Amino acid sequence: MTASEMHQGPRLDDAVELHLRTDFTPLNVDQTIGQALEQIRSRQQGGRIIYFYVVDDDGRLQGVVPTRLLLLSPLDRKLSDVMIRKVLTIPRTATVMDACEIFVLHKFLALPVVDEEKRLVGVVDIELYTDEITDLAQRTGYDDLFQIIGLRTLSADKGSPVEAFRQRFPWLICNIAGGILCAILTGQFQETLDRLIVLALFIPVVLTLSESVGIQSVSLAIQALHEPELGWRKILETLRRELKIGLMLGLASGPLVGLAAWLWKGQATVASTILISISLAMTAAALIGMALPLILHVFHRDPRVAAGPVALLLTDLTTLFVYFGLSTLFLT
């Protein structure tokens, strides 16, 4: 792997064999400790030496010898007598993500990569992945996080205050406009609220549930944008799946809030209206949060336009319209 490739870092869906270290010294299972040490000294070792892997005459992995054990064992002992035979391996068809999961779960510092015949083809070293995975997280995770909340990536200690203001204030305008529109919409149902004050008590929880689902869906949508092939068919499948999930979340949350309303106020019709409103609003919020970034991406528009502030604005308006509309229909 070239220096420029290492600087770019591996993609998590890369085949692990694209990032192998091959500058290691395989030891033969029939060697003694002394012979193994002589072979090691005669070859230039690359990277940090952590483990030495033992193979048979056909190159099939037989065991592993940690460096400390190799140095402290008598020179006339056979490698087969001191090696650890149970070795965790990675198939050459595995991905970088698979390798990283094994590093995290098992705390190994290096892992052997084998082919279908269990022949040793290379080694992956955690030292290679530490910096690269960190870079990958910074390149994608931080960008996605800032997109969700409506910001371009900008360090807190860089840029002038005026530049930071110009970047952040437009999204606050979006929030201000959304709040005013929600107030206007609420005013259109003032008569309903005057007759049923209990509806006003549950506005915060109805909005909170919808906003939570909406921002979750925006997060998943921006993550989906990293997929190499994202056409209309994939988008429709994703939207259909998110619609089902939103409905399930709504049907799980709505009855809980409706039950609380019924136990508190003893009004079954109001409780039923709240239940149905939450179920429909959360379903709509999931669809809005998922749809905006994906559709804009297909039309080659910056998905930041559909980041958190805009998605929340549409989610709030939809939620209040559903909530007050159903309340007016069923309760007045």
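Given the structure is predicted, the values throughout are model-derived calculations rather than measurements.
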### Query
Do E211 and T315 have a side chain donor and acceptor closer than 3.5 Å?
no
### Query
If we only count heavy atoms from C-beta on, is the L243 to T283 side-chain gap below 4.5 Å?
yes
### Task
Report yes or no: does T32 contribute a side-chain atom to a donor-acceptor pair with the main-chain N or O of D76 at less than 3.5 Å?
no
### Query
In terms of hydrophobic clusters joined by side-chain contacts under 4.5 Å, are L275 and L329 together?
yes
### Message
Among L72, I84, V82, which residue satisfies the side chain to side chain contact (heavy atoms under 4.5 Å, CB included) criterion with P66?
### Response
I84
### Distance (rounded to the nearest 0.5 Å) between L111 CG and R21 CZ
11.5 Å
### Query
Under 4.5 Å between any side-chain heavy atoms of Y53 and P112, yes or no?
yes
### side chain to side chain contact (heavy atoms under 4.5 Å, CB included) against V206, all qualifying residues, sequence neighbours excluded
I278, T319, Y323
### Message
I'd like to know if the side chain of D115 reaches the main chain of E117, judged simply by a donor and an acceptor atom lying under 3.5 Å from each other, with no hydrogens or angles considered.
### Response
yes
### Query
Honestly curious: do I203 and F330 fall in one hydrophobic cluster under the side-chain, below-4.5 Å linking rule?
yes
### Task
Answer whether the closest heavy-atom distance between the side chains of W264 and F202 falls below 4.5 Å.
yes
### Task
Decide whether N28 and D56 meet the rule of one side-chain donor and one side-chain acceptor closer than 3.5 Å.
no
### Task
Would you check if S277 and I274 make a side-chain contact, meaning some heavy-atom pair closer than 4.5 Å?
no
### Donor-acceptor contact below 3.5 Å, side chain S217 vs main chain M290
no
### Query
Is the F324 ring parallel, tilted or perpendicular to the F189 ring (thresholds 30°, 60°)?
parallel
